[in-house]
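Below are the structure tokens for one structure; questions will follow.
Letters go in sequence order (proteins before strands), and every chain restarts at 1.
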Number of protein chains: 2
Amino acid sequence: MKPTTSDPGPPRRSGRPLRPIATRTLLDIAARVFAERGYDGASLSHIAEQAGLRKASLYHHFPTKEALYEAVMRQLVGDLLRLIHEADLDTGDFATRLDRLGALVIDTFAERPDAARLLVLEMVAGGRYMTGPGAAEVQGTFMVTAAFLAAGMAAGAFREQDPRHLALTIAGLHLYPFAAAGVAGAFLGRGLLEPETIAERKAAVLAHVRALCLPGS
Amino acid sequence: MKPTTSDPGPPRRSGRPLRPIATRTLLDIAARVFAERGYDGASLSHIAEQAGLRKASLYHHFPTKEALYEAVMRQLVGDLLRLIHEADLDTGDFATRLDRLGALVIDTFAERPDAARLLVLEMVAGGRYMTGPGAAEVQGTFMVTAAFLAAGMAAGAFREQDPRHLALTIAGLHLYPFAAAGVAGAFLGRGLLEPETIAERKAAVLAHVRALCLPGS
DNA sequence: GTCTATATGGCGATAGAC
DNA sequence: GTCTATCGCCATATAGAC
């Protein structure tokens with residue numbers, strides 16, 4: 001039945017690269033798949049397929065699935081922290097800095113839809129990265145945020161309240177709708193990531209954060 | 001060391017029940033495991049082990065893993081919706097009803113830590129249940145919330161704003177800290193589910209929601 | 001740097017004894 | 001209603017050709 005000689009198999013001949021792939025490209029594709037299906041639900045076969053190569057070829061770039069995932073998370077968190085540092089959040093009055101930070105976060109999640117999903121999946125279910133290499137970064141980000149809010153209160157610019165719970169609340173109202181973009185979009189009747197919806201959401205979030213922080217009008 | 005005579009294999013001899021398990025107990029255990037590891041990460045072996053029986057025995061209670069998961073989600077959503085209906089949220093002025101609803105949600109998540117995790121995991125990653133039997137319930141809950149907020153605005157009790165984005169924000173500030181209870185507790189320096197922390201969080205959330213909804217002090 | 005082919009293990013699910 | 005035993009499949013990971 002089968003040609004007994006060689007039968008090179010279904011897809012294509014072996015041999016040379018044809019089209020080598022950049023590790024950075026691989027990371028972006030893997031990030032998308034991990035964000036869509038979670039760590040356990042994302043198979044290397046599927047990631048490889050999305051990247052246009054074979055599962056075994058992934059092992060040339062990363063030694064294990066865990067290592068690939070950790071690289072994805074490391075790059076994501078690194079990008080986000082760099083972004084925050086580049087925006088100068090130390091100038092201007094407290095209300096202005098509040099607006100700038102909020103707009104920056106919304107724009108970032110709008111441009112990288114996987115970011116909120118990956119972060120929330122990590123914090124909720126996994127801790128594959130956060131309980132480990134990323135723990136310090138996450139705790140640090142919360143601490144910095146709480147410190148900023150406390151400073152605003154001490155300066156009399158923000159209403160007096162528990163800065164840690166305020167930080168948790170602000171994180172939640174930012175992260176959740178983008179992490180659950182599908183559900184949110186269905187509720188809004190229009191994709192959350194469409195430009196008009198993004199603009200709506202940004203205006204709403206800035207107003208919400210102001211209402212939470214600034215003294216009564 | 002061990003009685004050498006029979007050595008019936010690792011766990012215990014075959015045969016009769018010894019201790020039959022209630023399906024409701026099984027659902028609670030499965031809910032905990034699904035909440036901790038996600039759908040794909042939760043193996044039937046592990047669920048069975050937690051329940052004190054063998055993997056194959058689960059198939060007497062549920063025909064497939066999907067069916068078990070759907071039963072878990074159905075019970076969870078049912079419990080939550082029943083709870084909301086039992087609390088009479090149609091009496092009192094708008095500010096009071098806002099407080100009652102907030103306190104109810106916090107108390108619920110405090111008592112059932114898996115609830116927020118499962119809901120967020122569903123909305124973020126899966127949609128195994130929500131894109132299907134549960135879609136209507138979730139959308140309906142958002143609609144009802146938005147309608148309540150809009151009614152408060154029309155009555156002049158709440159500040160005029162987009163009720164849909166306000167509903168998303170309130171959902172996020174409620175859900176996220178409980179869904180990410182581990183991260184939140186590490187940041188707060190004390191477990192989020194300890195009674196003192198719960199009381200703190202409840203007071204903060206009620207104040208936050210009031211600040212978002214009520215006109216400037 | 002990508003491929004084919006394969007090793008090994010855990011998964012969901014089934015059969016049938018007790 | 002639970003058990004032991006097993007099936008078939010797909011997962012991660014490895015070996016080695018080109």
query = Can you check the B/K55 NZ to D/dC7 P distance for me, whole Å?
reply =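 Spelled out: NZ on B/K55 to P on D/dC7 is 14 Å.
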
Any donor-acceptor pair under 3.5 Å from B/T197 side chain to B/G191 backbone =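 The answer is yes, because a donor-acceptor pair under 3.5 Å joins these two groups.
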
ask   = To the nearest Å, how far apart are B/I21 CD1 and D/dT2 C1'?
value =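 Nearest whole value for this atom pair: 11 Å.
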
Which nucleotide in C/dC3, D/dG1, D/dT14 has an atom nearest any side-chain atom of A/L53 =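 My answer, after comparing the listed nucleotides, is C/dC3.
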
message = What is the distance, to the nearest angstrom, from the CG atom on B/L68 to the C1' atom on C/dC11?
response =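 After rounding, the gap between these two atoms is 15 Å.
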
query = Parallel, tilted or perpendicular: which describes the rings of B/Y69 and B/Y39, with under 30° parallel and over 60° perpendicular?
reply =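 Because their plane-to-plane angle is over 60°, the rings of B/Y69 and B/Y39 count as perpendicular.
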
key: Heavy-atom check, side chain of B/R37 versus side chain of B/H46, under 4.5 Å   =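 A side-chain contact exists here, since the closest heavy-atom pair is under 4.5 Å.
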
request  = Quickly, which of B/V120, B/L119, B/V183 forms a side-chain contact (heavy atoms from CB on, under 4.5 Å) with A/V124? Name it, please.
outcome  =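 Filter result, single survivor: B/V120.
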
ask   = Between atom CZ in A/R54 and atom P in D/dT12, what is the gap in whole Å?
value =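 So the CZ-P distance, A/R54 to D/dT12, works out to 15 Å.
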
ask   = Any idea which of D/dC3, C/dC3, C/dG12 is nearest the B/L44 side chain?
value =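 Nucleotide nearest to B/L44's side chain: C/dG12.
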
Integer-rounded Å distance: D/dT12 C1' and A/R37 CZ =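 The distance from CZ of A/R37 to C1' of D/dT12 comes to 16 Å, rounded to the nearest Å.
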
ask   = Which nucleotide in the set C/dT14, D/dT2, C/dA5 lies at the smallest distance from any side-chain heavy atom of A/A56?
value =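 Per side-chain heavy atoms of A/A56, the pick is C/dA5.
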
inquiry  = Rounded to whole Å, please give me the gap between OH in B/Y59 and C1' in D/dC3.
reply    =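 Interatomic distance, OH of B/Y59 to C1' of D/dC3: 15 Å.
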
ask   = Atom CZ of A/F62 to atom C1' of C/dG1: distance rounded to whole Å?
value =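 In whole Å, C/dG1 C1' and A/F62 CZ are 14 Å from each other.
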
request  = Determine the contact category for B/A42: base if any of its heavy atoms lies under 4.0 Å from a base atom, sugar-phosphate if only primed atoms, P, OP1 or OP2 are that close, otherwise nothing.
outcome  =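 Sugar-phosphate only.
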
query = Rounded to whole angstroms, how far apart are CD1 on B/I47 and C1' on C/dC11?
reply =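 Going from B/I47 (CD1) to C/dC11 (C1'), I get 12 Å.
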
inquiry  = Less than 4.0 angstrom between a side-chain N/O of A/H61 and OP1 or OP2 of C/dT2, yes or no?
reply    =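 Yes, because at least one side-chain N or O of A/H61 sits under 4.0 Å from OP1 or OP2 of C/dT2.
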
query = To the side chain of A/S45, which of C/dC3, D/dA11, C/dG12 is closest?
reply =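 Output: D/dA11.
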
request  = Report the residue (A/A22 or B/D40) whose heavy-atom-nearest nucleotide on DNA chain C is the more 5′ of the two.
outcome  =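 Its nearest nucleotide lies further toward 5', so the answer is A/A22.
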
query = Any side-chain N or O of A/S57 less than 4.0 Å from the OP1 or OP2 oxygen of C/dC3?
reply =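 Checking C/dC3 against A/S57, a side-chain N or O does come within under 4.0 Å of OP1 or OP2.
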
query = So which nucleotide from D/dT12, C/dG12, D/dT2 ends up closest to the side chain of B/S43?
reply =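 Looking only at side-chain atoms, B/S43 lies closest to C/dG12.
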
Using a 3.5 Å cut-off and no angle test, enumerate the donor-acceptor pairs between side-chain atoms of residues 141-152 of chain B and protein atoms at least two apart in sequence or in another chain.
| residue | atom | partner | partner atom | Å |
| --- | --- | --- | --- | --- |
| B/T141 | OG1 | B/E137 | O | 2.8 |
| B/T145 | OG1 | B/T141 | O | 2.8 |

